[in-house]
Number of protein chains: 4
Amino acid sequence: MPEILARPQAQRVDAARNRARLLEVARAHLLAGNDLPLNTIAREAAVGVGTAYRHFPNRATLLEALAIDAFEALLEQVSAAIVASGTDTAAALRGALQAAFNELRGDAALAKILSSGAFSCADTAAIASDLVTAFTDVLARARREGLLREDVGPDDLRRLLCGLAAATHAGTEPVADPSRYLEILVAGLRPH
Amino acid sequence: MPEILARPQAQRVDAARNRARLLEVARAHLLAGNDLPLNTIAREAAVGVGTAYRHFPNRATLLEALAIDAFEALLEQVSAAIVASGTDTAAALRGALQAAFNELRGDAALAKILSSGAFSCADTAAIASDLVTAFTDVLARARREGLLREDVGPDDLRRLLCGLAAATHAGTEPVADPSRYLEILVAGLRPH
Amino acid sequence: MPEILARPQAQRVDAARNRARLLEVARAHLLAGNDLPLNTIAREAAVGVGTAYRHFPNRATLLEALAIDAFEALLEQVSAAIVASGTDTAAALRGALQAAFNELRGDAALAKILSSGAFSCADTAAIASDLVTAFTDVLARARREGLLREDVGPDDLRRLLCGLAAATHAGTEPVADPSRYLEILVAGLRPH
Amino acid sequence: MPEILARPQAQRVDAARNRARLLEVARAHLLAGNDLPLNTIAREAAVGVGTAYRHFPNRATLLEALAIDAFEALLEQVSAAIVASGTDTAAALRGALQAAFNELRGDAALAKILSSGAFSCADTAAIASDLVTAFTDVLARARREGLLREDVGPDDLRRLLCGLAAATHAGTEPVADPSRYLEILVAGLRPH
DNA sequence: AATGAATGAGCGTTCATTCAT
DNA sequence: TATGAATGAACGCTCATTCAT
């Protein structure tokens with residue numbers, strides 16, 4: 001009995017370790033600016049290719065798995081910034097954008113999936129949805145208070161933030177003082 | 001007589017036709033969001049691989065060859081916008097950015113090489129240099145007249161424009177009314 | 001029971017068959033004086049390219065795999081000749097050279113890797129090391145007994161044997177009575 | 001009139017310069033241990049591929065053209081050594097072998113074609129024939145005087161010398177004091 | 001569920017050779 | 001006769017994906 005119960009348990013532990021190893025190796029590849037060849041990643045993670053495919057049936061899954069922690073962090077930071085600003089809507093907006101910009105610049109996987117604007121796994125989609133809610137709220141307040149252009153919605157912010165993050169990498173060397181770009185965005189979002 | 005003169009021309013015509021075919025096929029690949037595999041492109045252009053390599057020894061060469069017309073157009077449009085604005089510096093800056101943004105959004109090859117910030121062929125580099133000159137000039141005037149943040153240079157504009165262009169594509173479907181993004185940039189560039 | 005035990009074996013059988021096929025085809029190429037293009041060899045062995053590369057990641061590996069049996073045989077024959085000669089050092093030296101010469105002439109792969117003087121796989125290197133030991137010993141005895149030039153070491157013998165083996169093939173047709181060349185070497189190694 | 005006569009003259013000069021350039025570039029490639037890709041050589045020689053093919057319809061021709069100077073030098077040195085030794089047959093034999101060995105080691109192209117034992121161009125074949133004559137003569141004298149094994153002919157010497165030359169290169173680094181190998185050969189050729 | 005061998009499409013690149021001019 | 005553009009076979013190598021065990 002204990003045996004039978006123990007087996008699947010043991011396997012789950014094993015599976016979790018495999019998954020963790022795969023993610024770790026994949027993250028290293030991404031950081032190094034490399035692709036994510038599943039074959040190589042599996043080998044480096046000391047895991048069979050088949051196992052890798054079981055965990056991540058396609059590259060999007062792997063990418064989202066890589067990004068999800070950073071995505072959760074992004075959501076938290078954004079929410080925290082909004083909460084912390086209380087009724088200061090301008091600060092809330094700026095803080096939310098700042099938080100998103102920072103997380104985005106810090107995680108290549110997150111930048112990739114957020115740029116694509118489509119999510120294939122439920123967890124990621126859920127976070128995205130919460131994020132939209134949070135921003136929709138701030139945007140509404142900001143608009144009401146005359147702090148924001150009328151023609152900008154949450155999806156525009158997603159695009160603009162991704163674009164700005166890309167801008168900071170668009171060259172042979174990283175840009176100096178990326179926060180300038182965020183300031184430009186924040187200023188530009190004010191009504192004309 | 002014309003015949004004799006035409007003969008040597010003839011071969012060049014052949015070469016030119018091959019080159020044109022290769023470029024055409026390559027452009028189609030790029031539009032479809034694909035890479036530029038020389039092998040495939042050669043096959044689809046009904047041209048030997050060796051011929052493809054003779055014309056474009058590497059991918060960068062091909063990419064720049066694809067982009068150079070649009071890059072020239074960009075330079076011309078930017079210059080024209082500046083000239084047309086006369087002493088109205090704000091209009092010159094806005095017009096130059098507008099022109100660059102439009103060209104950039106219209107040509108994927110141009111967007112790619114401009115994002116990379118490095119040019120491997122002399123012609124492209126020359127255009128880039130002229131462009132920097134043109135923008136440096138406008139930026140200087142704008143700064144002098146208090147129309148522009150102090151901390152923004154021509155390379156920042158290159159990055160920001162590329163980023164904005166990317167933003168307009170960052171999703172499953174193109175953004176509505178991309179000019180809004182340019183307005184945001186223009187507004188954001190004004191001193192705080 | 002045998003079934004359960006046989007299962008894992010079965011896959012290895014498959015792999016082994018592929019490996020054997022590849023080696024067989026490769027050997028034929030070498031005999032024909034051709035190179036060892038992995039692509040072609042894979043096709044002729046009716047095996048996927050990837051499989052070929054899995055077994056032999058590069059040409060050196062393939063070559064050493066082809067040669068290793070003959071190399072082992074060479075080591076055995078040399079050792080046997082030395083042992084069989086007992087205290088007759090002259091016979092030991094002659095026998096060892098003879099054995100090496102024969103094996104070398106019989107296996108093109110072995111001739112190639114021994115000529116290169118470098119071994120990329122551990123097994124081959126180990127045999128080479130044993131061989132050096134064996135020869136070093138005989139050479140020392142021979143020198144002590146005044147049967148050998150002072151200025152000849154094991155690596156010289158490797159080179160000279162490879163050179164002689166090459167000499168027997170250096171023409172449109174194989175040389176008549178190759179053993180003459182070995183006699184010349186043996187005689188030439190005696191002190192002046 | 002002078003024009004008509006001058007034209008072909010001028011072209012021959014041109015052709016000769018092209019030929020010389022091609023040979024020069026090819027020699028450089030060979031020295032660097034590279035292959036002789038006609039395409040590349042033609043380009044580096046600033047000569048059309050077609051022209052290169054006109055001069056050297058196949059690689060053997062090119063190789064022999066590269067080797068012929070060294071081959072002539074070899075013949076001269078060998079003859080000179082024989083003449084200089086007068087009636088001292090042992091010295092003549094040793095000198096001839098020495099000379100051949102040196103030239104062979106000094107010119108990779110010569111080593112290649114001499115190893116092949118077949119000549120596709122008449123000039124090379126003529127030199128080879130003269131060389132055989134010269135050696136045949138010395139060998140006959142040496143045999144008559146009991147200085148040489150009975151079973152060794154000129155072609156054996158060709159093979160053995162090529163083999164020895166190969167022996168000096170058979171490793172990651174060139175052998176120390178190659179003349180030892182020649183001494184071994186000379187000694188080994190004496191009758192048992 | 002895990003493993004890893006096998007497969008083969010596909011891309012990069014070189015080079016011998018032909019042929020129109 | 002010289003030129004060099006064109007060709008395409010061939011090889012090196014990678015990687016996504018399947019599948020038997």
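For the side-chain contact (heavy atoms from CB on, under 4.5 Å) test with C:F71, the passing option among C:L66, C:D123, C:T124 is C:T124; the others fail.
Side-chain atoms of C:D14 lie closest to E:dA6 of the nucleotides F:dT3, E:dA6, F:dA6. Taking the side chain of B:Y53 as heavy atoms from C-beta on, and the options F:dA6, E:dT13, E:dG4, the nearest nucleotide is E:dT13. The side chain of C:V49 has F:dT14 as its nearest neighbour among F:dT14, F:dA16, E:dT3. Distance from the side chain of B:T51 is smallest for F:dA6 among the nucleotides F:dA6, E:dT7, F:dA2.
Counting any heavy atom pair closer than 4.0 Å across all strands shown, D:N18 reaches sugar-phosphate atoms only and no base atom.
Here the side chains of B:V25 and B:R21 are not in contact, with every heavy-atom distance at 4.5 Å or above. Residues C:T40 and C:H29 have side chains in contact (heavy-atom distance under 4.5 Å, counting atoms from C-beta outward). Using a 4.5 Å heavy-atom threshold, the side chains of B:F56 and B:L63 count as separate. Side-chain contact between C:L114 and C:F119 is present, with heavy atoms from C-beta onward closer than 4.5 Å.
Side-chain atoms of D:T51 never come within 3.5 Å of backbone atoms of D:V47 as a donor-acceptor pair (strictly under, hydrogens ignored). A donor-acceptor pair under 3.5 Å is formed between the side chain of B:E64 and the backbone N or O of B:C121. The backbone N or O of C:P37 lies less than 3.5 Å from no partner atom in the side chain of C:D35, so there is not a single donor-acceptor pair.
Atom CZ in D:R17 sits roughly 12 Å away from atom C1' in F:dA2 (whole-Å rounding). In this structure, D:D35 places its CG atom 12 Å from C1' of E:dA16, rounding to the nearest Å. To the nearest angstrom, P of F:dT14 lies 13 Å from NE2 of A:H29. What separates CZ of C:F56 from C1' of F:dC13 is a distance of 17 Å, to the nearest Å. The CD1 atom of D:I41 sits 15 Å away from the C1' atom of E:dT17 (whole-angstrom rounding). One interatomic measurement links the two molecules: CG of C:L38 to P of F:dT14, which rounds to 11 Å at whole-angstrom precision.
Using a 4.0 Å cut-off, some side-chain N or O of C:H55 falls inside it from OP1 or OP2 of E:dA6. Here A:R54 reaches the OP1 or OP2 of E:dA2: one of its side-chain N or O atoms lies under 4.0 Å away.
Ion pairing between a basic and an acidic side chain is recognised when a charged N comes within 4.0 Å of a carboxylate O; C:D107 and C:R27 show such pairing.
With pairs defined as Watson-Crick or G-U wobble and both atom distances under 3.5 Å, the stems of at least three pairs that touch DNA chain F come out as E:2-21 with F:2-21.
Remark on DNA chain F: of its neighbouring residues D:A52 and A:T40, the 5'-side contact belongs to D:A52, judged by nearest-heavy-atom nucleotide. Nucleotides of DNA chain E nearest to C:R19 and B:R43 differ in position, and the one nearer the 5' end is that of C:R19.
Within residues 58-68 of chain A, the residues that place at least one heavy atom under 4.0 Å from DNA chain F are, in residue-number order, A:R59.
A donor-acceptor contact under 3.5 Å links the side chain of A:N39 to the base of F:dA16.
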Practice item. Please report the C-alpha distance between C:L23 and C:L62 in whole Å, then the side-chain angles of each, then the deciding distance to 0.1 Å, and finally whether the side chain to side chain contact (heavy atoms under 4.5 Å, CB included) criterion is met. Key: CA-CA 8 Å; C:L23 284 174; C:L62 175 54; 3.9 Å; yes

